[in-house]
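Data block below; observations after.
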Amino acid sequence: MLDKKDLRKIFGRAAYEVQLFKEKDFIRKQCPHCGTFFWTLNPDRKDCGDTNCIGGYTFIGKGSGKSWDFHDTVKNWCKFFEDEGHTRITEYSTVARWRDDIEFTIASIACFQPNVLNGTIKPPANPLVLPQPCIRFGGKGFNDIDNVGRTGRHLTSFIMGGQHAFNSKKLGYKGYWMDRCIELDFQFLTQVLAIPESKITLREDIWLGGGNFGPCLESFCDGLEIVNSVFMQYEVLPDDSHRQMEMTVVDVGWGVERIGWYATGTPSVYEATFGPVLTKMKKTVGLKLDTDLLNKYYVLSGLLNVDEVDIKVERQKVAQKIGIDYHELERVL
Ligand SMILES: [Zn+2]
C-alpha cells in the first residue's frame, strides 16, 4: 500500500510551485526541525512555522488587530469568496450525508463524497463555499476529545470553511486549480485577515485518502495552521501505481474558529469562539482566573498534543519555561 513516504518521491518542487510563488519570488526552504519543505517570502526564516518547530503560538495577546466575533468571522470569510465568484451554499447536516464509513460529517468535502466526486451528481455550484459544521468525537483518526482544552486549538464541533472547485473535461466542470486557489487563499490571509505577507509560511504535504491523493499546501502563521489547501489529483490503482483522476477537486478546509482566534489573539480558540458565553459562565460560577499565568501558558499550549507527546512530561517542561512549580500549574488548570 502506498504511504506518504513513497508519495514524497513523486512530488518535488515543481508539484508545489504555483504562479504566486513565481510572481512574488517566494523562497523554498527545508525546516531544520521537522524536515518539511516550505515556502516563504522572508529570506531569514529558518523554521516551517508549525507550533512544534517554533516552540508555541506567537500571536497570543496580539492578533491581527481585528475585533471580530465568531459571526463576523464567518461573514467576512464567506463574503471574500462570494466577491471572488464563489456561490455560498447552505450547510449540510452533521449526520454523514452519503458516506457509510463515517457517522458524522468530519469535513466539508465529505458532503460531496462519493456521489459528486464520482460524477453521479452535479455539484450544487462551482466553485462554492460553505461554512460546514463538523463533528470529530469518534471514529478512526476523527476523535479530538482528548486534545480539547489542552492545545488551545482543538474542538469536537467546529466550522470547516469549505472552499471547493471541481474540474472535469468529460462533465464540462470548469472550477479552478492550484494557481488560482493559492492566489485566493493568500489574498484572504493578507488582505482580509491582515497578516503581513512575510509572516506566512506554506508547508508542502501530501493528502491521501479513499484511494485518491494529491499535493497540499498548509498555511501557517505564528505557530497556527489556518488553512489546508488540498488538490485531489491522482487515483491509486490495484498494483499501487497511480493515474491522473478524470475529475480533479480543490478541497480547501479553513479553520473558521482559528481565523477568529488569530484575528483577535485571545488566549485560546475558546474565547474567540464562545466569548460572551464563557464570560457569563465564569461570572455565574464565580471563577477567578490568573490571567497573566494563563496567557503565558497558552502561548505554549500548542505543544501539548496528546497524539504526539507525553502530556505530563511536556507540562513539566511548560511549567519550567513559565517559571512556576508543576503542581501549582496543575492546580491552576
Ligand atoms: Zn518544521
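Every value quoted in this text rests on a predicted model; they were computed, and no experiment measured them. Note that ligands are numbered from 1 as they come in the structure, with each ligand's atoms numbered from 1 the same way.
Taking the six-membered ring for Trp and thresholds of 30 and 60 degrees, His242 and Tyr234 have ring planes more than 60 degrees apart, a perpendicular arrangement.
Taking the ring pair (Phe, Tyr, Trp, His ring centres under 6.0 Å) definition, one finds that Trp177 meets it with Phe231, sequence neighbours left out.
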Could you give the side-chain donor-acceptor pairs of residues 279-288 under 3.5 Å, partners two or more places apart or in another chain?
from   : atom 1 : to     : atom 2 : distance (Å)
Thr279 : OG1    : Gly275 : O      : 2.9
Thr284 : OG1    : Lys280 : O      : 2.6

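One distance of note links CD1 of Ile195 with CG of Leu224; it measures 8.5 Å at 0.5 Å rounding.
Listed by first and then second residue, the ring-ring contact (aromatic ring centres under 6.0 Å, His included) pairs that reach into residues 259-281 are Tyr57-Trp261, Phe59-Trp261, Phe59-Tyr262, sequence neighbours excluded.
Within the protein, the N, O or S atoms lying under 2.8 Å from the Zn ion (ligand 1) are Cys31 SG, Cys34 SG, Cys48 SG, Cys53 SG.
Within a 6.0 Å radius of CD in Glu103, other residues, nucleotides and ligands contribute 12 heavy atoms or fewer.
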